[in-house]
Each structure stands twice: as structure tokens, then as C-alpha cells.
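These numbers come from the heavy atoms of this one structure, side chains and all, not from hydrogens, waters or symmetry mates. Keep in mind that what you see is a predicted model, and the values were worked out from it rather than measured.
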Amino acid sequence: MRLEKCWFCSSTVYPGHGIQFVRNDAKIFRFCRSKCHKNFKMKRNPRKVKWTKAYRRVHGKDMTQDSTFEFERKRNRPERYDRNVAENVLKAIPKIDKIRVTREERHHKNRSSFIPIYLYWKGLQSIFFGLLLILCKNLNRMKGKKEKLLKEAVRELEQGISLVKAPSVLQQDPSLTLPKIKVSQPQSEENRAMEE
């Protein structure tokens, strides 16, 4: 039983399922469902459609290179049947699947730990560019000495943005954070009476 891959979304196409399109130059396109076929006819690029495997690989959401993918690769060269080889292959399939699953989990875990830092820096970047826009609008109005002072301020702001630490760095090194001060408030007699 040969399992084909959908040309658009890269999911498996089982025998008797899906649609097959043969172009004039005899190139065969297989699709798992009509959704993929319609997107192909609309000339959509699978790397730009978010639900496809191609998009996930291009944008770092799925693993792209791993030795376990080599076992799934399609081989067109026929091989002579050997019972021992077939037995060993069937024993190896669950082990290879287990290895691939653990590597995918590790990849997703590493990816998700990177996301908060990325969002933090994106926020800083948007604030920085907002300040720059405000300063540039004021720059057009000013002339002479004030303009030079404002340009220097913009330059200092650009250099200072690289000195800001990410939240994960602040958690790892407590010396970078401000000391926490406990503030005690004097309790009134009414509050003491209510507590008792």
C-alpha cells in the first residue's frame, strides 16, 4: 500500500482518497481533499497559507531537519524482498516514531520558551519607533541649536535601547533588579479590634 503526500498541505493521502490532477507536461499533483485542490487552482502558495506544513516549516514552527525524516523519504528503486530485513524494519518503526515524537516535543518546548522574550523585544521596538516618530515630527519644526540637541538625544536613545535587559535575564541575575522595600502601614484601633 503506497501512501502519497498531498502536494498542498503535505498530509498523507491514503489509497482511494483525494484528488489527482495531471498537468499537460505529465506532472502529477495529488491532493488530500477538495480544500487543497481549490487552493491549488486559485494559485495560492502553500508557504503563505498558515494551516499547511510548508508554512509551519518555513516559519520555524515544525522541525525541518532531522535524521528520522530520512526513513520516511520516498524511494523509487525497487529492492529484493528479504524476510529478515522486513522483520527488522517492522521492529524499528515504533522506535523511530518514539524518537521523532520526543525530538518534536523538545523542539516545541524550546520554541515556546523563546516566545516571551521575542514579544518583550517587539514591544520595546514599537515603543522605540513611536518615540522616534514623535522626535522626528518635532525635528522638522526646530532649527539651529535645538535641532542638534534633538539629534543627539535620538542617537543616545538608539544606543540606550540595546542596554535594556530582557525579563529572563533579570530573573536570573537579581543584582540587575531594584531592591524590594517592605512598607509597613500603622494599623488603626478599629482594624485591630476587627482582627480579634
Side-chain angles (χ1 to χ4, degrees), residues 1-126 162 164-174 176-177:
M1 181 170 76
R2 176 169 283 191
L3 303 179
E4 303 290 346
K5 291 284 180 191
C6 174
W7 184 88
F8 196 80
C9 70
S10 303
S11 62
T12 53
V13 182
Y14 291 93
H17 292 260
I19 301 161
Q20 197 172 22
F21 170 69
V22 183
R23 205 165 52 187
N24 288 342
D25 61 350
K27 183 166 176 24
I28 299 169
F29 298 92
R30 289 182 176 86
F31 305 103
C32 58
R33 52 188 183 267
S34 60
K35 179 182 180 181
C36 296
H37 188 223
K38 286 173 185 174
N39 277 291
F40 173 77
K41 286 194 286 186
M42 285 190 275
K43 298 187 177 180
R44 286 199 177 141
N45 188 348
R47 285 170 290 194
K48 293 182 181 177
V49 180
K50 289 192 175 184
W51 51 269
T52 61
K53 284 268 193 189
Y55 176 90
R56 293 186 62 79
R57 285 194 185 113
V58 167
H59 291 85
K61 296 177 186 299
D62 280 345
M63 288 193 308
T64 53
Q65 295 176 341
D66 193 41
S67 57
T68 56
F69 295 143
E70 191 64 30
F71 295 110
E72 287 184 20
R73 196 168 50 86
K74 185 177 173 184
R75 294 168 184 83
N76 288 324
R77 192 178 70 241
E79 291 193 20
R80 177 173 243 138
Y81 176 75
D82 185 7
R83 188 174 187 165
N84 295 331
V85 172
E87 189 178 319
N88 291 337
V89 167
L90 289 173
K91 285 180 184 175
I93 287 172
K95 293 178 186 176
I96 293 165
D97 283 342
K98 188 176 178 182
I99 291 167
R100 191 181 74 245
V101 167
T102 54
R103 287 181 182 174
E104 282 178 354
E105 286 173 359
R106 192 180 325 133
H107 173 77
H108 290 300
K109 187 178 176 185
N110 292 341
R111 207 183 111 250
S112 63
S113 66
F114 168 75
I115 288 170
I117 298 169
Y118 173 74
L119 293 175
Y120 175 77
W121 285 112
K122 287 297 275 186
L124 273 181
Q125 188 181 20
S126 64
S162 62
V164 178
K165 301 288 183 186
S168 60
V169 175
L170 295 174
Q171 289 173 356
Q172 291 170 359
D173 191 4
L176 297 171
T177 59

Taking side chain to side chain contact (heavy atoms under 4.5 Å, CB included) as the test, write out the residues that go with [X], two or more places apart.
X: Leu90; answer: Ile93
X: Val49; answer: Phe8, Arg44, Trp51, Thr52
X: Lys27; answer: Arg23, Asp25, Phe29

*What are the two closest heavy atoms between Arg30 and Gln20, and how far apart are they?*
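Result for this residue pair: NH2-NE2, 3.1 Å.
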*Of all heavy-atom pairs between Cys32 and Cys6, which one has the smallest distance, and what is that distance?*
N-SG, 3.4 Å
*Qualifying residues under side-chain hydrogen bond (donor to acceptor under 3.5 Å, both in side chains), relative to Asn24, sequence neighbours excluded*: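 side-chain hydrogen bond (donor to acceptor under 3.5 Å, both in side chains) list for Asn24, sorted by chain: empty.
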*asked:* For Arg83, give me all partners under side-chain hydrogen bond (donor to acceptor under 3.5 Å, both in side chains), at least two apart in sequence or on another chain.
replied: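 Not a single residue meets the side-chain hydrogen bond (donor to acceptor under 3.5 Å, both in side chains) criterion with Arg83.
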*Quick one: list whatever passes salt bridge (charged side-chain N to carboxylate O under 4.0 Å, His left out) with Lys91, sequence neighbours left out.*
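Counting only residues at least two positions away or on another chain, Lys91 forms a salt bridge (charged side-chain N to carboxylate O under 4.0 Å, His left out) with Glu87.
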*Does Asp82 have any salt bridge (charged side-chain N to carboxylate O under 4.0 Å, His left out) partners at least two apart in sequence or in another chain, and if so, which?*
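So Asp82 forms no salt bridge (charged side-chain N to carboxylate O under 4.0 Å, His left out) with any residue.
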*Working to the nearest 0.5 Å, report the span between CD of Glu104 and OG1 of Thr102.*
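Going from the CD atom of Glu104 to the OG1 atom of Thr102 covers 9.0 Å.
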_Spacing of Lys35 atom NZ and Cys9 atom SG [to the nearest 0.5 Å]_ =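 The SG atom of Cys9 is 8.0 Å from NZ of Lys35, to the nearest 0.5 Å.
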*Is the Phe31 ring parallel, tilted or perpendicular to the His37 ring (thresholds 30°, 60°)?*
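The arrangement is tilted - the two ring planes meet at 30° to 60°.
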*Would you list the pairs meeting salt bridge (Lys or Arg N to Asp or Glu O under 4.0 Å) in which at least one residue belongs to residues 5-14, sequence neighbours left out?*
none
*Under the salt bridge (Lys or Arg N to Asp or Glu O under 4.0 Å) rule, what pairs show up with a residue in residues 11-21, not counting sequence neighbours?*
none
Without placing hydrogens or testing angles, list every side-chain donor-acceptor pair under 3.5 Å for residues 11-19, not counting sequence neighbours.
none

